[in-house]
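It should be emphasised that the depicted structure is a prediction, and the values quoted were computed from it without experimental measurement.
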Amino acid sequence: MSLDNCQKSIIEQLTNKFEYDQLNFQFDFCKNINDGRGYTAGIVGFTTGTQDAYAVVKEYNELDGHTNEFQNYTTRLSQLASSSRTNGDTNGLQGFCLAWHTASANSVFRQVQINKMNQFYYNTALSKAQSAGLVNPSSIGQFYDAAIQHGVEGDDGLQDMISRTKATPPSQGGDEIQFIKTFMDTRKQIL
């Protein structure tokens, strides 16, 4: 099962509404929201305390059309990305949000954000939904939103929530509505 462009757009807008209280992508968003993951930035909340903000910056820096906004931050982002515990450390990243905001005016940077969102979150959620036998776009959307809000791996991430869902997935003969309802109950417990 794959979503068509319209279905994917609706799911992204619903996630954006929850994440940013707006339907449109917030390419230039950057703020320390004090969640222990450093700065949260861009369309899906890439963080400096995990590898995803670094992956966005690294790919952008390697492309024609980048404008060196992150030259002062790449080494520090690499250090944070390779650390198992950053505890929200933003030392060495003073001015990072201004650089992110500036880079967001560049279409190359915006496209990198979309590519990384698809790579890290959408494609992973879609694959896990297919493995579970989900076919309803709103069910797939629940997996995507959970991947964005909680991450894919680790404690309380999408995979952990799927494993903790006490219902039989459709791929094993279960009912999709019952499975996704139980998945959402599991997710609510985590929130």
Pair Phe143, Val152 - check side-chain contact (heavy atoms from CB on, under 4.5 Å), show working.
CA-CA 9 Å; Phe143 272 29; Val152 175; over 6 Å; no
Working note: Phe120 + Thr124, criterion side-chain contact (heavy atoms from CB on, under 4.5 Å); need CA distance, chi angles, decisive distance, verdict.
CA-CA 6 Å; Phe120 292 144; Thr124 301; 5.7 Å; no
If you apply the rule side-chain contact (heavy atoms from CB on, under 4.5 Å), what do you find for Gln149 with Asp156, and how did you get there?
CA-CA 10 Å; Gln149 299 299 324; Asp156 299 336; over 6 Å; no
side-chain contact (heavy atoms from CB on, under 4.5 Å), that's the test. Do Tyr144 and Glu12 meet it? Break it down for me.
CA-CA 8 Å; Tyr144 171 73; Glu12 290 168 346; 3.9 Å; yes
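Asn118 approaches Lys8 most closely through the heavy-atom pair OD1-NZ, 2.7 Å. Shortest non-hydrogen contact noted between Ile180 and Gln142 is CD1-CB, 4.0 Å. When all heavy atoms of Thr47 and Ala53 are compared, the pair lying nearest together is O-CB, 3.1 Å. Heavy atoms only, all atoms of each residue included: Asn106 and Gly65 are closest at ND2-O, 2.7 Å. Residues Pro170 and Ala132 share a closest heavy-atom pair of CD-O, 3.0 Å. Nearest heavy-atom pair across Gly88 and Asn32 is O-ND2, 4.5 Å.
Atom-to-atom distance recorded for Ile43:CD1 and Asn16:CG is 8.0 Å, nearest 0.5 angstrom. Distance check, rounded to the nearest 0.5 Å: CZ of Phe183 to NZ of Lys166 gives 14.0 Å. Rounded to the nearest 0.5 angstrom, His150 NE2 and Asp160 CG are separated by 10.5 Å. To the nearest 0.5 Å, the span separating OG1 on Thr90 from CG on Leu80 amounts to 9.0 Å. To the nearest 0.5 Å, atom CZ of residue Phe29 and atom CD of residue Gln113 are 12.0 Å apart. A distance of 11.0 Å separates CD in Gln51 from OG in Ser82, rounded to the nearest 0.5 Å.
Residues His66 and Asn68 have side chains that bring a donor and an acceptor to within less than 3.5 angstrom of each other. Inspection of the Gln111 and Asn115 side chains reveals an N or O donor paired with an N or O acceptor under 3.5 Å.
Of the candidates Phe46, Tyr73, Tyr54, Tyr73 is the only one forming a ring-ring contact (aromatic ring centres under 6.0 Å, His included) with Phe96.
Val108 is connected to Val56 through a chain of hydrophobic side-chain contacts under 4.5 Å among Ile, Leu, Val, Met, Phe, Trp and Tyr, so both are in one cluster. Follow the hydrophobic side-chain contacts under 4.5 Å out from Leu98 and you never reach Tyr60; the two are in separate clusters. A single hydrophobic cluster is not seen to contain both Met117 and Leu14; linkage of ILVMFWY side chains at heavy-atom distances under 4.5 Å, directly or through other members, places them apart. A single hydrophobic cluster is not seen to contain both Val135 and Ile177; linkage of ILVMFWY side chains at heavy-atom distances under 4.5 Å, directly or through other members, places them apart. Hydrophobic clustering of Ile, Leu, Val, Met, Phe, Trp and Tyr side chains at less than 4.5 Å, counting indirect connections, unites Ile114 with Leu126.
Take Tyr121 and apply the ring-ring contact (aromatic ring centres under 6.0 Å, His included) test, not counting sequence neighbours, and it matches no residue. Residues satisfying the salt bridge (Lys or Arg N to Asp or Glu O under 4.0 Å) criterion with Asp28, sequence neighbours excluded, are absent altogether. Legend: residues meeting salt bridge (Lys or Arg N to Asp or Glu O under 4.0 Å) with Glu69, ordered by chain and number and at least two apart, are absent. Applying the side chain to side chain donor-acceptor pair (under 3.5 Å) rule to Lys17 yields the partners Asp21; only residues at least two apart in sequence or on another chain are considered. Annotation: side chain to side chain donor-acceptor pair (under 3.5 Å) contacts of Arg76 (sequence neighbours excluded): Gln79, Asp89. Listed by chain and number, the residues in a side chain to side chain donor-acceptor pair (under 3.5 Å) with Asn123 amount to none (sequence neighbours excluded). Applying the salt bridge (Lys or Arg N to Asp or Glu O under 4.0 Å) criterion to Arg110, with sequence neighbours excluded, gives no partner residue.
Pairs of residues two or more places apart, or lying in two chains, that qualify as salt bridge (Lys or Arg N to Asp or Glu O under 4.0 Å) and include a residue from residues 169-190 are Asp145-Arg187. Residue pairs meeting the salt bridge (Lys or Arg N to Asp or Glu O under 4.0 Å) criterion with at least one partner in residues 119-133, sequence neighbours excluded, do not occur; the list is empty. A ring pair (Phe, Tyr, Trp, His ring centres under 6.0 Å) check over residues 151-179, counting only residues at least two apart or in different chains, returns nothing. Residue pairs meeting the salt bridge (Lys or Arg N to Asp or Glu O under 4.0 Å) criterion with at least one member in residues 51-62, sequence neighbours excluded, are Lys58-Glu62, Glu59-Lys116. Each disulfide (SG to SG under 2.5 Å) pair with one or both residues in residues 134-191, not counting sequence neighbours, would appear here, but there are none.
Heavy atoms from other residues, nucleotides or ligands lying under 6.0 Å from NE2 of His101 number 12 at most. Taking a 6.0 Å sphere around CG of Asp4, one finds it holds more than 12 heavy atoms contributed by other residues, nucleotides or ligands.
Looking only at distances, a side-chain donor or acceptor of Thr48 sits under 3.5 Å from a matching main-chain atom of Tyr39. In this structure, the side chain of Thr182 does not engage the main chain of Thr165 through any donor-acceptor pair within 3.5 Å. Of the possible polar contacts, one joining the Gln94 side chain to the Gly92 backbone as a donor-acceptor pair under 3.5 Å is found. Side-chain atoms of Ser9 do not come within 3.5 Å of backbone N or O of Asn5 as any donor-acceptor pair. With Ser78 contributing its side chain and Thr74 its backbone, the two residues share no donor-acceptor pair below 3.5 Å.
Using cut-offs of 30° and 60° for the angle between ring planes, the Phe109 and Phe70 rings count as tilted.
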